[in-house]
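Right, one structure below, let's go through it.
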Amino acid sequence: MKKFRSNLSCFYIPELELTTIQLSEEESKHAIKALRLKIGDYVLLTNGQGTLAQAQIVDNHIKHTVLQIEEMEIVPPNENRLHIALSILQHADRFEWFVEKAVELGIAEITPILCTRTEKKHINTERIKKIAISALKQSRQAYLPKINEAETFTHFIQNCGSINKAIAMCEGNRIVLSQWMQTINKNELTVVIGPEGDFTEQEAEFALTHGFVPIQLGNSILRSETAAVYVAAVSRFLF
């Protein structure tokens, strides 16, 4: 990556095709009123699709701040794509915490799933996407992960096209996550993590019959959201 100026405030701009960019009213207010940026200050821009840019403020209007792009870089995508399917959790803030940390760790895709023991049956996907964008800006990432709509466990398992796929289980014969990751073609991998109370025996068996490898995440019993972040962290470390 280019050595853009350090500690620049980062803004998410889906379209980075022009040399002059106007921030939305919300982002303009944040830049000028909250961050107290002024004409001549530099910011970092990301489109979440691999492009980073350094831009200078040329008009600090509180409702439509204007930026002039000076440098741009196309960041190559990570060849190793991690997709985590995590059960919707009883407390929304825990799933949101997972999304925030997963984005910071460079995850490629997230799918909320509905399992037999999933207590809460709905998730606010739009809010999840906003949290992902916020984490993208905070961590100055070039790529925004794909956030899918929630689907049932059965549908996800049946339609998972990943060559390397695993299901985190609390019991049974399992391989340690790091050992599994070091024995596979790492270009694309999917890990499924269940709700509070884990998967049912029927769900675990269903996944195994569809080619999912049973994995364990250590000797401790982790919360679902912690397990998901652990998977993302191990993937980031190994790949």
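Given the structure is predicted, the values throughout are model-derived calculations rather than measurements. In this chain, residues are counted from 1 in sequence order.
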Minimal non-hydrogen separation, [X] against [Y], with atom names:
| X | Y | value |
| --- | --- | --- |
| K121 | C115 | NZ-O, 3.7 Å |
| K120 | I88 | O-CG2, 3.5 Å |
| I193 | I113 | O-CD1, 4.2 Å |
| L16 | A53 | CD1-CB, 4.4 Å |

By ring pair (Phe, Tyr, Trp, His ring centres under 6.0 Å), which residues pair with [X], not counting sequence neighbours?
| X | result |
| --- | --- |
| H61 | H64 |
| H91 | none |
| H83 | F156 |
| F11 | none |

Not counting sequence neighbours, list each pair that qualifies as a ring pair (Phe, Tyr, Trp, His ring centres under 6.0 Å) and has a residue in residues 114-155.
F153-F199

Looking only at atom types and distance, does a side-chain atom of [X] sit under 3.5 Å from a main-chain N or O of [Y], one as donor and one as acceptor?
| X | Y | answer |
| --- | --- | --- |
| T111 | A85 | no |
| T46 | Q141 | yes |
| N47 | E15 | no |
| R236 | L105 | yes |

Residues in salt bridge (charged side-chain N to carboxylate O under 4.0 Å, His left out) contact with K33, at least two apart in sequence or another chain
none

Rounded at 0.5 Å granularity, tell me how far CD in E109 sits from OG1 in T190.
7.5 Å

Can you tell me how far the CD atom of Q182 sits from the CG atom of L177, to the nearest 0.5 Å?
9.5 Å

Are the charged groups of E104 and K101 less than 4.0 angstrom apart, N to O?
yes

Step by step, would you call T51 with I74 a side chain to side chain contact (heavy atoms under 4.5 Å, CB included)?
CA-CA 5 Å; T51 301; I74 306 298; 3.2 Å; yes

